[in-house]
Structures are given as C-alpha cells and as structure tokens.
S.K.: 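Before I ask anything, here is the structure I am working with.
Residue numbering restarts at 1 for every chain, and letters A, B, ... go by the order of the sequence lines.
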Amino acid sequence: MALRIYNTMTHKKEEFQTLEPNRVRMYVCGPTVYNKAHVGHAMSALVFDIIRRYLDYRGYQVSHAMNFTDVDDKIILRANEMKVDPFALAEGYIREFEQNLADLNILPATIKPRATQEIPQILKMVQDLIDNGYAYPLNGDVYFRVRKDEDYGRLSGRKLEDMQAGARIDVDSRKEDPMDFALWKSARPGEPSWESPWGPGRPGWHIECSAMNLTHLGEQIDIHGGGNDLIFPHHENEIAQTESLTGKPFARYWVHNGMLQLGGEKMSKSLGNLVTIEDFLAQHPADALRLMVLTSSYRGPLTFNDEVIATAERGVERLRSALRPALPGAAGAPQSTLDALAKQMETTQATFIESMDDDFNSSGAVAGLYELVRSINQARADGARDAELAPAQAKLRELGAVLGLTLQEEQRGAQGADPFVDLLVELRTEMRKQKQWAFSDLIRDRLAALGVVLEDSKEGTRWRWNA
RNA sequence: GGCGACGUGGCCAAGUGGCAAGGCAAGGGUCUGCAAAACCCUGAUCACGGGUUCAAAUCCCGUCGUCGCCUCCA
C-alpha cells in the first residue's frame with residue numbers, strides 16, 4: 001500500500017508521488033517573528049516534523065525548508081514600541097523559536113531562509129512579474145494583478161466576485177482591482193527599506209515565500225505546508241505569483257494543519273488567548289504536547305485545555321511504563337506469552353505503517369503503540385526477563401522515535417536532589433520495616449507534593465520525578 | 001452572505017459499505033500495611049431526518065450544530 005496524502009487543492013487523498021524518486025522537497029511556512037511563539041506555532045511545527053520524520057522513515061531524502069518572516073508591519077510596529085532595532089528584535093525571536101523547537105524535539109529544517117536574505121531574488125521576481133504584465137507599480141508600491149491570473153482562487157475555492165461581496169477592508173481605490181495584493185511596499189520614513197527600481201521599500205508578505213522556494217527548492221516542490229489559516233490569502237497568492245512566472249504547477253500537495261483551540265477559539269497573537277511554548281514546557285514534558293498532536297487528526301482543530309494536557313501526560317507515562325525493566329527475580333515468561341508479544345510486535349508494526357500511510361493517521365499509529373505497551377506489560381507481569389522484553393521495547397522506542405517521541409523520563413528535579421531523595425526513600429524503607437506507617441506515608445505525601453512519585457513493591461521502592 | 005473542515009461512549013479519538021480500534025476518566029477485581037504502578041473484567045448503533053443497498057457510522061440529499069478562512073495570523 002502506498003502513502004496517501006490529503007491535498008487541499010483537490011480536497012482528496014491522493015497517492016504520494018514525488019517529482020524525483022526518493023526525494024521530497026517540502027516547504028512549510030514559518031512564523032512572523034514579532035513575539036514569543038505559542039503552542040499553536042508548536043502544533044504546526046510538530047505536524048510537519050512528524051510528516052518529515054515519517055517520510056524519512058519511508059526512505060525519502062527530505063529537503064525541508066521553513067522560513068522566517070523577519071520584516072513586516074508588526075515587527076516594525078513592535079520594535080518602535082519597544083524602541084529597539086527591528087532586525088535585532090526579529091533576530092532575538094528567531095533564536096528563541098529555534099530553541100523552542102529544539103526543546104520540543106523538532107528536527108531543525110534543512111533550509112531556514114529569511115525574507116531579509118532574499119531581497120535580490122525578490123526584486124528579480126517582482127521585476128519579471130511586471131515585465132510579464134502580471135504586476136504594476138503604483139507610487140512606489142507594486143501590486144499583483146489578480147484579474148490577469150485566470151485561475152486565481154483555485155486553492156481556496158473562491159471566486160473574485162464572491163470575495164468582493166464580503167470584503168470589509170478599506171479598499172485602496174488606486175488599485176486596479178480591490179483584490180490586487182502588494183508584492184512590494186514603499187517605505188515610510190524611518191522604516192527599514194531596500195533600494196528598488198520603484199523606490200525604497202520592502203517585500204510584501206507573500207512574495208518572500210515564492211522567492212525562497214524558487215531559490216532553495218526549485219520551480220516545483222512536492223509538499224507545501226502551513227496552518228489552514230494560510231490557505232487564503234497567503235498560499236493562494238504564492239501560487240498566483242509563482243505559477244504566473246514559471247508556468248508550471250507550483251506544489252504537488254498542499255498540506256494544512258488545523259488550528260489549536262483555546263477556550264473554543266483559535267489561539268492567536270491577535271486574539272491574545274495564548275500560551276507560549278516556553279510556559280508550556282516549564283510545566284509539562286515535550287512528549288505531552290507531541291502526543292496531543294499525535295492523537296488528534298492533524299487537519300482538524302485541536303482543543304487545548306488542562307484536561308487534554310493531563311490526558312496526554314498520562315499517555316506519555318503509559319508509553320514509558322512499557323520501557324521499565326523486568327521485575328526483580330523474573331524467571332522467564334511462558335512461551336505462549338512470548339509468542340503473543342512477538343505477534344503484537346508484528347501487528348503494531350503493520351498498523352503503524354498502514355495508519356501513517358493513510359494521510360499520516362498518527363492517532364491510529366499511536367493506538368498500535370498502546371497495544372504493544374499492554375503486551376509488554378503483560379509479559380513483564382508474567383515474569384518475562386529483560387532479554388525477553390528487549391526486542392519489543394526496542395520496537396516501541398523505534399516507532400516512538402519515528403513520531404518524534406523521546407519517551408525519556410524527565411530530569412526535572414532540582415539539580416543534585418536525587419541523592420537526597422534516595423536518602424529519604426532509604427529512611428522510609430527502614431520505617432516501613434518497623435511498620436511506622438504514619439511516618440512512611442508522610443514522607444511519601446511530602447515527596448509527592450514536591451513532584452516525586454514513590455512506588456512500593458515486594459522487591460523495594462522505586463521512585464521517579466513526576467512528569 | 002461565500003468557501004472549506006467537521007459532528008462516533010463522560011472526555012480525546014480510530015474506523016469511510018459487512019459483527020464499532022486505542023487512550024483518559026468511572027466502576028469491580030488481582031497485588032499492596034495503605035497507596036501508586038502494572039495486570040484482568042465492565043460500557044456507545046455512530047448529530048437529526050429522508051434515500052440508495054441483501055447490508056451504512058461508512059454512499060447520496062436535506063436539516064441542525066461546531067470550528068476555520070473571506071483582514072495580519074501556524
């Protein structure tokens with residue numbers, strides 16, 4: 001069975017065929033860096049990280065580009081408010097975002113272009129579009145002429161007529177058509193700008209992505225991704241610009257992730273209902289956010305609230321539970337148990353591929369992982385030795401890694417606290433021997449309040465930092 | 001108003017024509033000094049109304065509802 005991907009352009013799942021064998025060119029729209037990144041940005045980055053890892057697992061060599069929009073109105077506005085240099089502001093947020101991604105175990109994109117580093121290519125594209133009649137200068141700005149592009153609106157399924165009816169913005173009456181969009185914006189005094197044939201200015205929002213694609217990936221790419229809030233106008237305009245110039249279909253597959261919902265609304269900078277990635281990671285493991293994304297459908301909305309987070313954290317715990325060692329004194333599991341475990345490994349592997357091949361159905365893939373977890377835990381309870389558990393645990397780690405799950409226990413305790421926890425646990429063990437239950441329970445409760453979980457068993461007490 | 005996605009047990013979520021995966025929560029049990037973890041057991045006819053079919057959660061039509069986009073937005 002082949003990999004199938006839902007294509008926003010055709011509204012169908014289509015069999016995945018690359019332009020070049022075993023090679024994938026993927027471009028994902030990154031953030032505009034005028035503020036701290038929030039978990040909604042993380043969701044998008046996670047979705048495409050999962051896709052990228054899976055394509056890699058399936059044997060493709062993936063060129064993964066993610067851009068930074070590092071010059072635009074909001075950056076300039078915010079820099080002015082804060083009285084700092086806009087480029088320095090952008091640079092700072094880019095570094096923070098890259099750190100956020102690393103903390104989330106998201107692989108760095110192989111290509112990380114920035115708008116400000118593409119100015120020559122952008123100027124050339126704008127000039128070419130003017131030369132071809134697809135664009136026109138107007139008092140220092142340059143606009144794309146949507147009427148000239150017959151199939152404008154193809155991606156988002158809109159017609160120019162329909163859109164005009166709903167347009168609510170102030171229309172610049174100088175433009176030939178209200179829907180014409182800026183390729184180049186003239187600079188006002190004090191704004192960062194570059195010299196151009198039309199006067200000093202800066203690139204419009206959409207053109208940078210077209211230019212970066214052309215420069216770094218070529219005229220045609222396999223996958224173009226981003227949040228579904230970018231379908232219109234951003235991606236629509238990218239298509240218009242790029243295809244008007246190259247005359248070739250721009251991207252084979254348009255892939256869009258759904259929005260993270262907070263309090264029933266899209267989490268966004270403009271609505272102000274956001275949780276930064278930094279804040280999230282201060283309280284929860286990276287695997288938890290990833291598991292939330294994995295167990296929902298990437299195309300649909302994802303609800304973000306305390307209950308969903310708690311569920312994901314427990315899920316992470318459950319996955320990790322399978323990686324624990326054999327019970328002390330394990331004498332080996334019955335053959336029937338080992339056979340069942342071996343069979344489950346195969347089933348899980350098959351389910352994994354089958355699910356992920358079906359438009360990255362990670363929820364189904366994770367369900368298979370949970371089934372393997374249960375089999376492993378069953379085998380352990382049946383007395384399996386470490387060596388008997390190892391292959392299944394390795395399989396769990398392997399498939400977990402394909403999804404980007406670390407399954408690592410958190411090392412979140414205060415630095416150097418571990419020996420002291422050991423000491424308390426040791427003291428408590430002595431108390432338990434003397435049946436000093438009240439004291440034992442007090443220690444357990446107090447440690448729990450500090451984030452340390454104790455688990456007693458016949459063979460002794462084990463402890464870990466709570467996620 | 002236009003375009004699109006979606007509506008499956010208390011919650012999250014697979015399944016897209018042939019007996020409704022999985023996780024969390026809940027209840028019962030094993031284990032435990034108690035607890036935790038782990039293991040075992042228990043629950044849904046799939047928003048609603050029509051239609052197609054031997055057979056539909058799954059296809060078609062309609063209704064209602066949720067969300068996104070139509071303005072910067074992952």
Side-chain angles (χ1 to χ4, degrees), chain A residues 6 8 11 28-32 34 37-48 66 69 72-74 77 153 155-159 161-170 179 205 225-234 236 256-261 264-271 291-292 294-297 299-303 305 307-308 310-315 317-319 321-322 324 327 351 355 358 361-371 373-374 376-382 432 435-438 440-441 444-445 448 453-458 461-464:
Chain A
Y6 182 87
T8 306
H11 310 298
V28 180
C29 288
T32 300
Y34 70 94
H38 56 72
V39 287
H41 296 112
M43 175 186 177
S44 186
L46 282 165
V47 164
F48 289 98
M66 188 189 72
T69 300
D72 94 327
D73 293 345
K74 296 210 165 174
L77 190 69
L155 178 69
S156 54
R158 312 159 193 250
K159 299 184 185 71
E161 302 75 56
D162 296 340
M163 286 187 285
Q164 282 165 15
R168 274 182 273 152
I169 41 165
D170 294 335
M179 293 310 294
W205 176 36
N228 66 13
D229 54 350
L230 296 180
I231 295 171
F232 188 90
H234 186 53
E236 196 70 75
H256 294 98
N257 64 275
M259 294 292 105
L260 198 65
Q261 304 287 125
E265 280 183 308
K266 180 176 83 163
M267 179 180 294
S268 78
K269 293 174 190 171
S270 28
L271 289 171
L291 197 61
M292 283 172 60
L294 286 168
T295 52
S296 70
S297 160
R299 286 192 278 131
L302 170 57
T303 303
N305 59 36
E307 191 184 348
V308 171
T311 299
E313 287 194 84
R314 286 169 191 278
E317 266 311 309
R318 178 154 178 80
L319 292 171
S321 76
R324 294 176 189 168
L327 298 175
T351 304
S355 299
D358 181 15
N361 175 4
S362 51
S363 186
V366 170
L369 257 40
Y370 280 122
E371 288 177 348
V373 165
R374 188 170 53 221
I376 292 171
N377 287 339
Q378 274 169 340
R380 185 192 301 100
D382 274 359
R432 292 183 66 224
K435 302 199 191 304
Q436 305 240 12
W437 308 128
S440 302
D441 292 350
R444 186 173 61 200
D445 292 346
V453 180
L454 300 195
E455 292 175 5
D456 298 325
S457 72
K458 282 194 281 287
T461 300
R462 42 164 278 152
W463 69 268
R464 60 186 159 78

S.K.: Could you check how far CZ of A:Phe48 sits from P of B:A74, rounded to whole Å?
M.R.: 13 Å

S.K.: Round to a whole Å and report the spacing from CG of A:Leu454 to P of B:G33.
M.R.: 16 Å

S.K.: Would you mind classifying the nucleic acid contact of A:Leu291 as base, sugar-phosphate or nothing, using non-hydrogen atoms under 4.0 angstrom?
M.R.: nothing

S.K.: With C1' as the reference atom in both, quote the distance from B:U45 to B:G17 in angstrom, rounded to an integer.
M.R.: 15 Å

S.K.: Partner lookup for B:A37, please. Criteria are Watson-Crick or G-U wobble with both distances under 3.5 angstrom; report none if nothing qualifies.
M.R.: none

S.K.: Using a cut-off of 4.0 Å on non-hydrogen atoms, how would the nucleic acid contact of A:Asp73 be classed: base, sugar-phosphate, or nothing?
M.R.: nothing

S.K.: Considering Watson-Crick and G-U wobble pairs with both distances under 3.5 Å, what does B:U58 pair with?
M.R.: none

S.K.: By nearest atom, which of the nucleotides B:A74, B:A14, B:C39 is closest to the A:Asn361 side chain?
M.R.: B:A14

S.K.: Name the residue closer to the 5' end of RNA chain B, choosing between A:Val453 and A:His234 according to the nucleotide with the nearest heavy atom.
M.R.: A:Val453

S.K.: State the pairing partner of B:A26; accept Watson-Crick or G-U wobble contacts with both distances under 3.5 Å, and report none otherwise.
M.R.: B:U42

S.K.: Could one point to a donor on the side chain of A:Asp382 or the base of B:C39 with an acceptor on the other under 3.5 Å away?
M.R.: no

S.K.: When both hydrogen-bonding distances must be under 3.5 Å and the geometry is Watson-Crick or G-U wobble, what is B:U53 paired with, if anything?
M.R.: none

S.K.: Have a look at A:Glu371 and say if it touches a base, only the backbone sugar-phosphate, or nothing, with a 4.0 Å heavy-atom cut-off.
M.R.: sugar-phosphate

S.K.: Contact class for A:Arg380 vs. all strands (heavy atom < 4.0 Å): base, sugar-phosphate, or nothing?
M.R.: nothing

S.K.: B:G28 and B:G18: how far apart are their C1' atoms, nearest whole angstrom?
M.R.: 34 Å

S.K.: Tell me whether the side-chain N/O atoms of A:Arg314 come closer than 4.0 Å to OP1 or OP2 in B:A25.
M.R.: yes

S.K.: Report the base-pairing partner of B:U16 (Watson-Crick or G-U wobble, both distances below 3.5 angstrom), or none.
M.R.: none

S.K.: Under 4.0 Å between any heavy atoms, over every strand shown, what does A:Ser297 touch: base, sugar-phosphate, or nothing? Just pick one.
M.R.: sugar-phosphate

S.K.: A:Tyr370 stacking on B:G23: centroids under 5.5 Å, ring planes under 30°?
M.R.: no

S.K.: For A:Pro233, which residues count as a side-chain contact (heavy atoms from CB on, under 4.5 Å) partner, sequence neighbours excluded?
M.R.: A:His206, A:Asn237

S.K.: Look at the side-chain N and O atoms of A:Arg318 and state whether any lies under 4.0 Å from the OP1 or OP2 oxygen of B:C39.
M.R.: yes

S.K.: Mind checking what makes side-chain contact (heavy atoms from CB on, under 4.5 Å) contact with A:Asp73, not counting sequence neighbours?
M.R.: A:Lys185, A:Arg202

S.K.: Without decimals, in angstroms, what is the distance between A:Met292 CE and B:G23 P?
M.R.: 19 Å

S.K.: Pick the P atom in B:A35 and in B:G27, then give their distance to the nearest Å.
M.R.: 13 Å

S.K.: Regarding A:Gly225, tell me which of base, sugar-phosphate or nothing describes its non-hydrogen contacts under 4.0 Å with the strands shown.
M.R.: nothing

S.K.: Classify the nucleic acid contact of A:Asp358 as base, sugar-phosphate or nothing, counting any heavy atom under 4.0 Å across all strands shown.
M.R.: sugar-phosphate

S.K.: In this structure, how many angstroms lie between the P atom of B:A38 and the CG atom of A:Asp456, rounded?
M.R.: 15 Å

S.K.: In whole Å, what separates the C1' atom of B:A44 from that of B:G7?
M.R.: 15 Å

S.K.: Write down the distance separating the P atoms in B:U8 and B:G49, rounded off to the nearest Å.
M.R.: 16 Å

S.K.: For nucleotides B:G9 and B:G23, find the distance between their C1' atoms and express it as a whole number of Å.
M.R.: 13 Å

S.K.: Please state how far atom CG in A:Leu369 lies from atom C1' in B:A13, giving the value in whole angstrom units.
M.R.: 15 Å

S.K.: Looking across every strand, which nucleic acid part, if any, lies under 4.0 Å from A:Arg374 by heavy atom: base, sugar-phosphate, or nothing?
M.R.: sugar-phosphate

S.K.: Identify whether any heavy atom of A:Leu260 sits under 4.0 Å from a base atom; if not, whether one sits that close to sugar-phosphate; answer base, sugar-phosphate or nothing.
M.R.: base

S.K.: Determine the Euclidean distance between corresponding C1' atoms of B:U42 and B:A56; express it in Å to zero decimal places.
M.R.: 28 Å

S.K.: Generate the contact string for nucleotides 2-8 of chain B. Rules: B means base contact, S means sugar-phosphate contact only, - means no protein heavy atom under 4.0 Å.
M.R.: BSSSS--

S.K.: Between B:G22 and B:C41, how many Å separate the two P atoms, rounded to a whole number?
M.R.: 11 Å

S.K.: Nearest-nucleotide wise, let me know which of A:Ser44 and A:Gln378 is further upstream toward the 5' end of RNA chain B.
M.R.: A:Gln378

S.K.: Going by purine N1 to pyrimidine N3 plus the second Watson-Crick contact, or the G-U wobble pair, all under 3.5 Å, which nucleotide sits opposite B:U66?
M.R.: B:A5

S.K.: Could you check whether A:Asn228 gets within reach of a base, just the sugar-phosphate, or nothing at all, counting any heavy atom under 4.0 Å?
M.R.: sugar-phosphate

S.K.: By the 4.0 Å heavy-atom rule, please label A:Asn257 as base, sugar-phosphate, or nothing.
M.R.: base

S.K.: As a test of reading the structure: which of B:C70, B:A21, B:C39 is closest to the side chain of A:Ser363, going by heavy atoms?
M.R.: B:A21

S.K.: Tell me the interatomic distance from A:Arg432, atom CZ, to B:C34, atom C1', rounded to whole angstroms.
M.R.: 9 Å

